[in-house]
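What follows is a single structure, written as structure tokens, with notes after it.
So that the names make sense, note that chain A is the first sequence line, chain B the second, and so on, each numbered from 1. Heavy atoms only: backbone and side chains are in, while hydrogens, waters and symmetry mates are out.
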Amino acid sequence: MLSYVLKRLAQLVVVAFIISVLVFLLVHLLPGDPTSIILGGNDTAANRQILLHQLGLNTPIYHQYWIWLIHALHGNLGQSYLTRETVGHVIASGFPIDVELIIISQVVAFAVAIPVALITARRPNRPLDNIATTGTFGLLALPPFLIAPILVAIFAVGLHWFPATGYVPFSQNPATNLHDMILPGLALTAGSIAVYYRLLRSDLIMTLQEDFITMARSKGLSDRRIMMRQAFRPSTFSLLAVAGVNIGALLAGTFIVEYLFAMPGLGYSIVQAVQQRDYLIVQGIALVVAIAYVVLQFIIDFLFTVVDPRVTRE
Amino acid sequence: MSARRAGRPADRTLEFPDVTDLADPLLVVNDLHTSFRTGRGTVHAVDGVSLTVGRGKTLGIVGESGSGKTVLARSIMGLLPTRDVIRSGTVLFAGHEMTTMAPAQLRQVWGAQMSMIFQDPMTALNPVVRIGRQITDSLRLHLRLDRREAHTTAVELLRSVGIPSPEERARWYPFQLSGGMRQRVMIAIALACAPRLVLADEPTTGLDVSVQAQILDLLEAMQSERHMAVVLVTHDLGVVAKRADEIAVMYAGRIVERAPTRTLFAHTHMPYTRALMDSIPRLANPSGTRLQAIAGRPPDLIHPPKGCRFAPRCPYAQDKCRESDPPLRTAASSDHVFACWFPLVDRMPADGSAKSSASAVDYEAPSS
Amino acid sequence: MADERKLHSPGVSSSLGIFPGQTPPLVVATALADPPVDDDILAKRPLGALFWFALVWVAVVASMAIIANWLPLPNPNHQNYTAINASPGIHHILGTDDLGRDLLSRIIFGARVSLVVGFASVAIGMLIGGTLGLISGFKGGRLDVALNAGSFVILAFPAIVAVIAIVAFWGQTLAKITIIIGVGTVPIMFRVVRASSLAFANRDFVIAARTLGATGTRIVFREILPNVMPAAVSFGLITVAGVIVLEGSLAFLGLSVALPTPSWGNLIAEGTANGNLSINPYILMWPALAMFLLLLSINLIGDRLRQRFDVREGLL
Ligand SMILES: Nc1ncnc2c1ncn2[C@@H]1O[C@H](COP(=O)(O)OP(=O)(O)OP(=O)(O)O)[C@@H](O)[C@H]1O
Ligand code: SF4
Ligand SMILES: [Mg+2]
């Protein structure tokens with residue numbers, strides 16, 4: 001167990017290191033730098049040289065990386081060139097938004113997908129199942145930027161149930177925060193519902209053909225009980241794996257929703273920082289995302305061992 | 001259960017009185033047909049089967065792979081897929097007609113009064129459920145035991161089917177057990193609620209020979225201890241030769257010969273039964289003797305051949321066999337029926353190639 | 001037992017999401033995980049009217065996009081100040097936008113971008129990633145380990161950052177965007193093709209070919225490729241849908257093809273921009289509807305084809 005954790009930690013460090021190098025190369029090797037944005041009208045060659053020097057951007061790239069790494073290891077990820085906000089602060093205020101969006105969208109996705117799959121898988125290709133399955137194609141064809149205006153039109157503009165945009169940190173006012181998060185969360189959830197539903201449904205159908213299900217029936221267990229206690233768990237392997245991928249992709253992948261609902265999450269912050277060449281912000285967020293990704297995979301792997309006793313940690 | 005629900009026929013509790021006339025058969029199957037609609041056509045997997053099992057008795061059902069044994073066992077129990085299945089005929093179990101029962105009533109019978117041991121112990125146990133819970137499921141459901149009582153009973157059951165350190169094994173998962181152990185667990189599950197009838201569908205296929213005998217002995221011991229009736233399905237006549245009171249030979253979805261074990265061996269009428277006998281491994285033969293397999297393949301159950309279904313493979317087939325279907329007839333003793341136009345007994349004196357009558361004793365299942 | 005789980009292990013399917021926030025890569029995984037049993041039930045059913053509607057829609061969109069120049073349409077960028085925010089009518093069938101540009105014309109010309117980006121970039125990904133996956137899955141060994149580890153790392157990388165960074169600084173032309181996204185789909189195609197190539201590498205007929213002395217190249221192209229194709233094509237189609245969505249997302253950041261060139265993403269972004277939604281909802285509605293139907297159709301076609309293909313695979 002200990003060696004397993006250590007191995008995982010080593011993996012984490014390696015991935016984080018490689019990602020940081022890659023991001024560093026990416027943002028530095030592409031043409032352009034933050035000086036023109038900072039200088040605005042005062043963009044003369046002399047000013048530019050001075051600024052590059054001040055920002056430490058005129059030294060060789062490996063040296064810059066070395067400086068960044070040393071500081072990062074001391075917990076100092078630097079600050080924005082433009083706003084002077086520390087990267088640590090950007091992450092601390094943005095990360096909870098992403099996490100909250102992901103949690104809301106995933107909880108809703110599972111809460112919809114699992115019961116519907118449990119119901120329709122019992123009678124595949126009957127009307128109910130056909131409706132649900134066709135419906136998932138509709139959901140899949142609705143990317144967040146198409147859903148968001150629909151949701152806003154109905155629930156914000158029409159019914160006034162939720163605000164169209166806006167964000168209040170959870171720590172300030174949890175109720176308002178949750179309230180504001182619901183529409184963005186829902187905008188993200190459609191694809192997940194469709195994918196989870198279809199995956200679970202087809203795995204359930206497959207499981208229901210297994211001998212051990214007939215065996216459970218032969219014991220006199222009710223269909224409901226068989227679905228819940230015999231068929232569900234062995235049908236969740238692919239669901240888990242794909243949920244891992246999906247959530248991983250949502251890390252910093254919520255930018256479009258954050259943009260549409262004007263929320264300062266990590267996803268939108270990194271996208272903005274890339275466009276403004278705000279290197280340190282990009283590096284800091286990418287690092288956090290990479291670590292979160294590896295940790296997420298770690299959690300998913302652990303859940304595999306919970307769901308299936310045959311899977312052992314090697 | 002609320003009063004309202006109890007009033008619904010579907011939920012009415014079935015009565016299984018203990019004191020009954022012992023001569024009264026436990027299971028009477030009459031003209032059972034089961035077919036599957038498939039993309040290629042309708043598969044007539046069970047085609048007019050009738051049989052009777054007495055209380056506490058053992059009926060052996062023997063036939064080649066694909067002859068419909070599993071489908072028959074599942075049709076008796078009513079454990080068929082819900083779609084694309086057509087079943088007709090009657091199954092009278094302890095005075096209750098199973099074929100018209102509502103699902104809720106069937107669930108009162110399943111596991112409690114009638115249970116099944118599945119063919120493949122590798123696939124019939126839920127891989128992600130501890131074996132203890134796979135046993136306690138039905139104990140809690142049918143016998144209404146609480147968690148602890150059920151656990152204690154499950155451990156006892158595991159002990160009685162010969163699982164060492166059952167306390168510990170109850171917490172194991174199926175994949176941690178060997179094939180033989182899993183089959184023992186399956187027997188424990190099937191016997192948990194002391195059913196009146198156990199349908200054992202090839203309980204020893206896939207196990208090695210010494211384990212086979214152990215499992216069958218165990219089943220027999222449990223049977224006499226609990227006075228259960230057993231339908232023992234197998235493709236190996238040797239397996240049932242010593243254990244069954246009566247044997248039904250199945251071919252292409254039908255019963256082609258049925259008789260008390262001794263009679264069947266002494267007065268074999270059907271060439272197919274004879275062929276099965278010839279394929280039994282015998283202790284007397286030096287090991288390595290090749291068994292005489294039956295030449296040819298079983299018929300297509302979608303378009304069964306006209307006339308006797310065994311005709312294409314039967315060494316004694318004549319024109320009449322290919323023309324018309326032999327009905328099930330009664331032999332010399334009234335409890336012996338067979339379906340053949342030219343039964344072996346009639347031909348015996350003339351046909352030198354047929355062996356003299358064999359006795360069941362010759363056909364021992366290999367045992368350790 | 002451990003082997004059984006391989007298909008489910010995160011290693012295989014985790015591979016599939018590369019564009020953050022896009023669901024389609026997951027559908028790829030769905031397709032991977034869909035069991036044959038399910039397909040068997042569905043296989044007997046005809047492709048269905050829905051499938052044909054989907055195919056017709058894709059065909060209509062594609063042919064309109066191709067012959068757009070010869071259609072009697074106003075220039076998509078022509079600003080007609082006498083007809084700003086016109087409702088649908090005889091002069092402008094779908095109406096005009098806030099600059100008086102004809103919406104039908106913009107949608108038809110915009111379809112070019114969506115379709116080219118969608119299909120051409122996936123073709124690039126398929127060519128590079130597919131080839132690598134084919135070889136990696138068949139050969140195994142150190143190469144496979146290296147490529148595999150590489151894809152794990154890439155997954156931990158917020159790929160959208162790379163796409164945005166490169167698009168923003170290399171240029172917003174159709175060709176460049178297509179190439180950038182195409183390279184971005186390489187890992188997806190790699191993982192998918194590798195997974196099925198791996199599955200086939202140990203099948204009897206491949207082993208048979210090997211013992212008969214067939215060369216590696218020959219086996220890969222004659223035995224494995226034809227079997228991997230079905231999976232690759234249906235995943236490819238689903239990825240096309242994902243890329244079309246990605247173009248839409250980039251448009252919101254002003255990073256799709258440079259304005260005023262229409263693309264469906266650009267049109268949708270314009271439709272939601274400053275007040276347009278309440279003044280003239282048609283600007284959003286038409287391209288949104290077009291994209292919805294296109295994504296629906298592509299996903300549907302991909303799914304039905306997969307069912308068909310898998311059946312053939314099962315007959316092997
Ligand atoms: N669900 C089903 N759908 C279609 N055909 C089926 C189905 N189940 C069984 N069959 C067919 O019914 C016939 C009898 O099968 P069955 O499993 O009862 O044979 P068996 O005697 O038990 O053979 P084995 O010794 O191999 O277990 C076979 O031809 C089989 O293909
Ligand atoms: S009826 Fe004819 S073909 Fe059929 S078993 Fe008897 S002898 Fe053989
Ligand atoms: Mg069978």
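- Chain C forms the most heavy-atom pairs under 4.5 Å with one residue out of L139(A), L146(A), I18(A), and that residue is L146(A).
- T134(A) is listed as a side-chain neighbour of L50(C), based on a closest heavy-atom distance under 4.5 Å.
- Between chain C and the options V282(A), I256(A), V257(A), heavy-atom pairs under 4.5 Å are most frequent for I256(A).
- By the 6.0 Å contact criterion, CZ on F24(A) is enclosed, its count of non-hydrogen atoms from other residues, nucleotides or ligands being greater than 12.
- In this structure, the portions of L22(A) lying under 4.5 Å from any heavy atom of chain C include both its backbone and its side chain.
- A pairwise comparison of heavy atoms in F255(A) and S249(C) identifies CZ-CB, 3.9 Å as the closest pair.
- Going from atom CZ of F137(A) over to atom CG of L296(C) covers 8.0 Å, rounded to the nearest 0.5 Å.
- Pairing each heavy atom of G138(A) with each of F292(C), the nearest pair is O-CE1, 3.4 Å.
- The parts of I166(C) that come within reach of chain A are both its backbone and its side chain, each placing non-hydrogen atoms under 4.5 angstrom from that chain.
- Counting heavy-atom pairs closer than 4.5 Å to chain A, the top residue among V167(C), I244(C), I298(C), L253(C) is L253(C).
- Contact of Q11(A) with chain C is made through the side chain alone, with heavy-atom distances under 4.5 Å.
- I164(C) CD1 to I270(A) CD1: the interatomic distance, rounded to the nearest 0.5 Å, is 8.5 Å.
- Closest approach of A141(A) to L295(C), counting heavy atoms only: O-CD1, 3.5 Å.
- No more than 12 heavy atoms of other residues, nucleotides or ligands sit less than 6.0 Å from atom CZ of R123(A).
- Only the side chain of I268(C) comes within contact range of chain A, judged by heavy atoms closer than 4.5 Å.
- By the 30° and 60° cut-offs, the orientation of the rings of F252(C) relative to Y259(A) is perpendicular.
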